[in-house]
Amino acid sequence: MNVETQIKVRNNPYLYRYLRDNSAWYKVLNRHPEAIKDMEEEMKATYHLNPSDKIDDLTRKIEKIRTFMDIIQ
């Protein structure tokens, strides 16, 4: 794996954890360092870090607060 890819993985704890959990990516990144973008997309989908996932999470939190406020009244 080239140095730039190693630095990018080490600086992002999510990427580092994903790489440790999915070791097949080591071989892919050694052969094709540009595949880091594909790995990032897969990691975001796995850990629910996409903008749509964040919006859904915020919606669920607001709904919980709304339900709690209804119970209090």
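Each residue takes its place number in the sequence, starting with 1.
A salt bridge links K61 with D57: the closest approach of a Lys/Arg side-chain nitrogen to an acidic carboxylate oxygen falls below 4.0 angstrom. We find that E63 and R60 are not joined by a salt bridge, their nearest charged nitrogen and carboxylate oxygen being 4.0 Å or further apart.
Between atom OG1 of residue T46 and atom OH of residue Y18 there is a gap of 4.0 Å, rounded to the nearest 0.5 Å. Expressed to the nearest 0.5 Å, how far CG of L19 lies from CG of N12 amounts to 11.0 Å. Atom-to-atom distance recorded for D56:CG and D53:CG is 6.5 Å, nearest 0.5 angstrom.
Residues satisfying the side-chain contact (heavy atoms from CB on, under 4.5 Å) test with A35, not counting sequence neighbours, are W25, V28, L29, H32, D38. For N22, the side-chain hydrogen bond (donor to acceptor under 3.5 Å, both in side chains) test picks out no residue, with sequence neighbours left out.
Considering every non-hydrogen atom in both Q6 and M1, the closest pair reads NE2-O, 3.1 Å. Of all the heavy atoms in N50 and K44, the pair that sits closest is OD1-CB, 3.4 Å. The shortest heavy-atom contact between K8 and L15 is O-CD1, 4.1 Å.
Atom OH of Y26 sits in a crowded spot, with more than 12 heavy atoms from other residues, nucleotides or ligands closer than 6.0 Å. Environment of CD in E34: crowded, with over 12 heavy atoms of neighbouring residues, nucleotides or ligands closer than 6.0 Å.
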